[in-house]
Amino acid sequence: MTRSAVSSTARRPVIDDPDDLERRLHLDLIDSYDEEFEMELEDRYIGEDGKPLAIDSLQAQIDRRVYFQELFRLQGELVKLQDWVVNTGHKVVIIFEGRDAAGKGGVIKRITQRLNPRVCRVAALPAPNDRERTQWYFQRYVSHLPAAGEMVLFDRSWYNRAGVERVMGFCSDDEYEEFFRSVPEFERMLVRSGIQVIKYWFSITDEEQHLRFLARIHDPLKQWKLSPMDLESRRRWEDYTRAKEVMLERTHIPEAPWWVVQAVDKKKARLNCIAHLLEQMPYHEVERAPVVLPERERHGGYTRHRVPENILVPERY
């Protein structure tokens with residue numbers, strides 16, 4: 001078969017053979033699972049030479065198999081949760097905070113991977129610009145809050161003021177204290193308006209952060225994750241620890257409590273966080289109408305046009 005398009009009347013899609021159809025559906029399923037393994041490459045162990053180390057032990061293979069089985073199961077439950085959120089018009093904000101390299105991005109990826117981005121979206125705001133610095137502190141976050149039937153995951157949030165801004169001197173003492181006066185009322189206001197607020201802090205040890213930073217330094221696929229601010233946070237470990245302790249103490253309220261995820265083991269942290277998240281909402285499976293694929297209409301006078309060769313992507317693989 002040439003690259004030129006074939007007339008729709010000349011050949012129908014090859015779906016008449018049940019065995020061939022089953023094979024192709026199986027290959028498509030395997031391809032979707034491969035996405036999980038691609039993501040796992042981010043978590044490979046890096047040797048001193050900067051190359052990934054093989055993990056060949058039997059126990060490691062068993063652990064990975066159990067991890068993927070549980071991950072796929074939990075992601076299936078997340079799809080049910082998504083359907084319930086849409087069906088009920090529920091609104092939820094999920095905040096992910098923690099030290100640099102604590103694994104927040106990894107769990108966010110696993111939560112959102114199989115969900116509709118129009119229902120479950122991520123808000124990862126950059127540093128405020130000159131105009132935003134003159135706004136009410138919470139103003140730039142408000143536009144990202146969910147409407148009915150939406151979940152918003154904040155990859156860092158308004159708690160920047162209690163962490164990086166405090167430690168790095170980006171806010172004054174008065175602004176810092178005003179934040180602690182305002183944030184409980186701000187979150188209570190969100191809850192009263194019908195928005196559920198769930199807050200996670202990802203906790204890792206000093207040694208684990210050191211190892212993860214080294215992995216990023218030696219892995220060219222991860223070096224983009226290291227910013228000057230990240231490196232400075234490593235030097236100021238104790239300052240960040242004190243800031244975190246104050247933040248948890250002063251912003252842990254019944255309406256929006258903090259939940260601490262032990263994240264030294266990334267895979268366990270992901271599974272534990274997702275399982276806990278599912279427990280926070282009384283979701284149930286929403287019955288769906290059966291999906292019936294309609295027959296494609298075919299018109300005898302239609303012929304698909306040839307695609308010009310000069311705009312085809314070269315087939316190198």
Exercise. Is there a donor in the side chain of D230 and an acceptor in the side chain of S227, or the other way round, less than 3.5 Å apart?
Worked result: yes
Problem set entry | Spatial distance of atom OH (Y283) from atom OG1 (T88) [nearest 0.5 Å] | 13.0 Å
Exercise. Under 6.0 Å from the NE2 atom of H284, do we count more than 12 heavy atoms belonging to anything else shown?
Worked result: yes
Exercise. Parallel, tilted or perpendicular for Y137 and Y141, by the 30°/60° rule?
Worked result: tilted
For this session: Would you tell me whether R99 and Q209 have side-chain atoms, one donor and one acceptor, within less than 3.5 Å of each other?
Result: no
Exercise. With ring centroids as reference points, do Y159 and W201 lie under 6.0 angstrom apart?
Worked result: no
Problem set entry | Centroid-centroid under 6.0 Å between Y200 and H276 rings | yes
Exercise. Donor-acceptor pair, E175 side chain versus S172 backbone, under 3.5 Å?
Worked result: yes
Exercise. Looking at H252, E187, E97, which hits side-chain hydrogen bond (donor to acceptor under 3.5 Å, both in side chains) with K199?
Worked result: E187
Exercise. Does Q75 reach the main-chain N or O of R110 with its side chain, forming a donor-acceptor pair under 3.5 Å?
Worked result: yes
Exercise. Are the side chain of Q280 and the backbone of Q196 linked by a donor-acceptor contact shorter than 3.5 Å?
Worked result: no
Exercise. Is a side-chain N or O of Q223 found less than 3.5 angstrom from the main chain of I217, in a donor-acceptor match?
Worked result: yes
Problem set entry | Salt-bridge criterion met for R270 and E70 (N-O under 4.0 Å) | no
Exercise. Is the shortest distance from a Lys or Arg side-chain nitrogen in R73 or E77 to a carboxylate oxygen in the other one below 4.0 Å?
Worked result: no
Problem set entry | From R161 atom CZ to F180 atom CZ, the distance as rounded to the nearest 0.5 Å | 11.0 Å
Problem set entry | Interatomic spacing from CG in D155 to CD1 in I108 - rounded to 0.5 Å | 4.0 Å
Exercise. Are K80 and D83 ion-paired here, with the side-chain N under 4.0 Å from a carboxylate O?
Worked result: no
Exercise. Would you find more than 12 non-hydrogen atoms of other residues, nucleotides or ligands less than 6.0 Å from R288 atom CZ?
Worked result: no
Exercise. Ignoring hydrogens and geometry, is there a side-chain-to-backbone donor-acceptor pair from Q82 to N116 under 3.5 Å?
Worked result: yes
Exercise. Does R156 reach the main-chain N or O of L125 with its side chain, forming a donor-acceptor pair under 3.5 Å?
Worked result: no
Exercise. Is it true that D206 and R234 make a salt bridge, defined as a side-chain N closer than 4.0 Å to a carboxylate O?
Worked result: yes
For this session: Give a yes or no answer on whether the side chain of E185 reaches the backbone of S182 with a donor-acceptor pair at less than 3.5 Å.
Result: no
Seminar exercise, completed: The reported gap from SG in C273 to CD1 in I198 (rounded to nearest 0.5 angstrom) is 9.5 Å
Problem set entry | Over 12 non-hydrogen atoms of neighbours within 6.0 angstrom of CH2 in W136 | yes
Exercise. Does atom CD of E245 have more than 12 heavy-atom neighbours, drawn from other residues, nucleotides or ligands, at distances under 6.0 Å?
Worked result: yes
